[in-house]
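Everything below concerns the one structure shown next.
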Amino acid sequence: MTETAKRLTRDLMAARVAAEFENGWIVNLGVGMPTRCSDFLPEGREVIFHSENGVIGYGRNATVEEAGRYVVNGGAQPVLLTPIASIVHHADAFAIIRRGLLDVAVLGAYEAAANGDFANWRITGRKGGGIGGAMDLAVGAQQVFLLLEHTTRDGRPRLLEHCALPLTAAGVVTLVMTDLGLFEPAGESFRLREIAPGYTVDEVQQLTGAPVVPAPDLCEVSV
C-alpha cells in the first residue's frame with residue numbers, strides 16, 4: 001500500500017456505479033449509498049430512475065431550497081423530477097419490478113458471496129424487521145449491482161465465499177462496488193475489474209473472505 005492509498009469515498013463509489021448505466025435503462029436505487037447514484041449520472045446519459053413509492057423518472061437529490069414535500073426517492077430523500085417524470089400508484093411501481101422491466105437494481109448489502117448471493121436485510125443479533133421490497137428487486141431486475149463498504153467496522157470482510165447472514169436472493173448479483181474496487185462474482189472467486197488507487201491485489205485479498213482474481217485488464221478506479 002502506498003502512502004497515498006485511500007479507500008474510495010461513497011460519492012466516488014456511487015459515481016463509478018452510475019457510469020455503468022446505459023442510455024434508456026430503467027434503474028432502481030435502493031436505500032442508503034445507492035441513492036447517491038442519481039447525483040452522478042454522466043452528462044448526456046438518459047436514465048429513468050424508478051422508486052417503489054411511485055416516483056418514476058426523478059433526477060438528482062434536491063437541495064433544502066429545492067425540496068418538495070412529497071417528491072422523494074426510495075430512501076425518503078427529496079429529489080427533483082425530470083420532464084418525463086410520472087407519479088404512479090405504489091402497486092404500479094411494483095408491477096414494473098415484477099414484470100421484469102427494471103434493467104438494474106442498485107442495492108446496499110451487508111454481505112456478498114462469490115456465487116452471486118447477497119444479504120441485506122438482517123444482521124446477527126438484531127430482532128424484528130423484514131425483507132421488504134428488496135426481494136422483489138433482487139429477483140425482478142435484470143441485473144443487480146451492490147454498493148457496500150469492503151469490511152465491517154471491526155475489519156471483517158463483507159465479500160465472502162458464502163454469506164453467513166440470511167439471504168435476500170441467491171445467485172443474482174452481477175456487479176459489486178466497494179471502497180476498494182469494482183468486482184464481479186465469478187462463482188468461486190471475485191474478479192477484480194478495477195482497484196482503488198494505491199492498493200495492491202494482495203492487500204485487497206487480505207481484506208476479502210473469498211479468492212480475488214485480477215482481471216487481465218485490471219486498472220485503477222476512475223470516474
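Please read these numbers as outputs of a predicted model, since none were measured by experiment.
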Solution key, residues 214-223 side-chain donor-acceptor pairs under 3.5 Å, sequence neighbours excluded:
none

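Residues in residues 77-90 take part in these side-chain hydrogen bond (donor to acceptor under 3.5 Å, both in side chains) pairs, two or more places apart or across chains: Thr35-Gln77, Asn73-Gln77. Sorted by first and then second residue, the ring-ring contact (aromatic ring centres under 6.0 Å, His included) pairs involving residues 157-178 (not counting sequence neighbours) form an empty list.
Applying the salt bridge (Lys or Arg N to Asp or Glu O under 4.0 Å) rule to Asp136 yields the partners Arg98; only residues at least two apart in sequence or on another chain are considered. With sequence neighbours left out, Glu46 forms a salt bridge (Lys or Arg N to Asp or Glu O under 4.0 Å) with no residue at all. Legend: residues meeting side chain to side chain donor-acceptor pair (under 3.5 Å) with Thr152, ordered by chain and number and at least two apart, are Asp154. Considering only residues two or more places apart in sequence or on other chains, Glu188 meets the side chain to side chain donor-acceptor pair (under 3.5 Å) condition with none of them. Applying the side chain to side chain donor-acceptor pair (under 3.5 Å) test to Ser51 and every residue at least two apart in sequence or in another chain returns Asn53. Looking at residues two or more places apart in sequence or on another chain, you find no salt bridge (Lys or Arg N to Asp or Glu O under 4.0 Å) involving Glu52. For Tyr58, the ring-ring contact (aromatic ring centres under 6.0 Å, His included) criterion is met by Phe49, not counting sequence neighbours. In this structure, Glu161 has no side chain to side chain donor-acceptor pair (under 3.5 Å) partners at least two apart in sequence or on a different chain. Residues satisfying the salt bridge (Lys or Arg N to Asp or Glu O under 4.0 Å) test with Glu20, not counting sequence neighbours, are Arg16, Arg193.
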- Task: Start with the C-alpha distance between Phe118 and Val176, add both sets of side-chain angles, then the distance that settles side-chain contact (heavy atoms from CB on, under 4.5 Å), and finish with yes or no.
- Result: CA-CA 10 Å; Phe118 79 105; Val176 180; over 6 Å; no
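For the pair Thr151 (side chain) and Pro157 (backbone), a donor-acceptor distance under 3.5 Å is absent. Remark: the backbone N or O of Leu167 is not paired with any side-chain donor or acceptor of Asp117 at under 3.5 angstrom.
Under the 4.5 Å side-chain contact rule for hydrophobic residues, Ile97 and Trp25 do not share a cluster.
For the salt bridge (charged side-chain N to carboxylate O under 4.0 Å, His left out) with Asp179, the lone residue among Arg158, Arg10, Arg7 that qualifies is Arg7.
Pairing each heavy atom of Phe40 with each of Ala14, the nearest pair is CD1-CB, 4.1 Å.
The closest side-chain heavy-atom distance from Leu147 to Arg36 is not below 4.5 Å.
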